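Okay, so here's the structure we're looking at.
What you are looking at is a predicted structure, and each value in this text was computed from that prediction instead of being measured. Proteins get letters first, then strands, A, B, ... in listed order; numbering begins at 1 in each.
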Amino acid sequence: MMKSFDERCYILLGKVPKGRVTTYKELAKALGTRAYRAVGGAMKRNPYAPRVACHRVVKSDGSLGGFAYGAREKIKRLRDEGVKVRTGKIQDFERVFFSFGMTS
DNA sequence: CGGTTGACCAAGT
DNA sequence: GACTTGGCCAACC
């Protein structure tokens, strides 16, 4: 049974621990593709709104990117998880960044 | 089934 | 540092 690309994004995203963030690019790469945009699209569609921690996904530059519920809400939630945000940018981005490639 | 769209990315201006 | 351009790939109409 072949899950949609979208569903895989949600599953993978579910592996991101609280207080950490990942990027659309890293997600796509972990999925074995380069469809960064499709990943973002999955978040936007986000049928599992509260189930999926879409607010933990940011752009590669460390900027927040977009958010279906509004950027303001995204910042609020990230801060609540311990991620500091400044003018729409993640502070200590590399510190809170979660990579899927860190095996063993 | 073909074309458009997009919560992106990287490089150039 | 902000804006523009080309490119990538899957979902949607």
- Single-linkage hydrophobic cluster, 4.5 Å side-chain cutoff, A/Val85 and A/Val21 together: yes
- Task: List the atom of A/Ala28, the atom of A/Val39, and the distance in Å for their closest heavy-atom pair.
- Result: CB-CG2, 3.9 Å
- Note on the structure: Residues in residues 72-95 of chain A with a heavy atom under 4.0 Å of DNA chain B, by number, are A/Lys74
- Message: Please say yes or no: joined through hydrophobic side-chain contacts below 4.5 Å, possibly via intermediate residues, are A/Val58 and A/Tyr36 part of one cluster?
- Response: no
- Query: Going by number, which of residues 25-40 of chain A have a non-hydrogen atom under 4.0 Å from DNA chain C?
  - Reply: A/Thr33, A/Arg34, A/Ala35, A/Arg37, A/Ala38
- DNA chain B: 5'-most and 3'-most nucleotides touching chain A, 4.0 angstrom heavy-atom criterion: B/dG6 to B/dA10
Using residues 59-69 of chain A as the side-chain source, report each donor-acceptor pair under 3.5 Å to any protein atom, sequence neighbours left out, with the distance given to one decimal.
none

- Has A/Lys76 got more than 12 heavy atoms of other residues, nucleotides or ligands less than 6.0 Å from its NZ? no
- Sorted by chain and number, sequence neighbours left out, side chain to side chain donor-acceptor pair (under 3.5 Å) with A/Glu73 holds for none
- Whole angstrom is fine here: how far is it from CE in A/Met43 over to P in C/dC12? 12 Å
- Item | Toward the 5' end of DNA chain B, by each residue's nearest nucleotide, A/Asp61 or A/Tyr24 | A/Tyr24
- Query: Donor-acceptor pair, A/Lys18 side chain versus A/Gly82 backbone, under 3.5 Å?
  - Reply: no
- Could you name each residue pair satisfying salt bridge (Lys or Arg N to Asp or Glu O under 4.0 Å) that touches residues 79-88 of chain A, not counting sequence neighbours? A/Arg56-A/Glu81
- Between the side chain of A/Ser4 and the main-chain N/O of A/Asp6, is any donor-acceptor distance below 3.5 Å? no
- Message: Do A/Val16 and A/Tyr24 sit in one hydrophobic cluster, given that two such residues count as connected whenever their side-chain heavy atoms are within less than 4.5 Å of each other, even indirectly?
- Response: yes
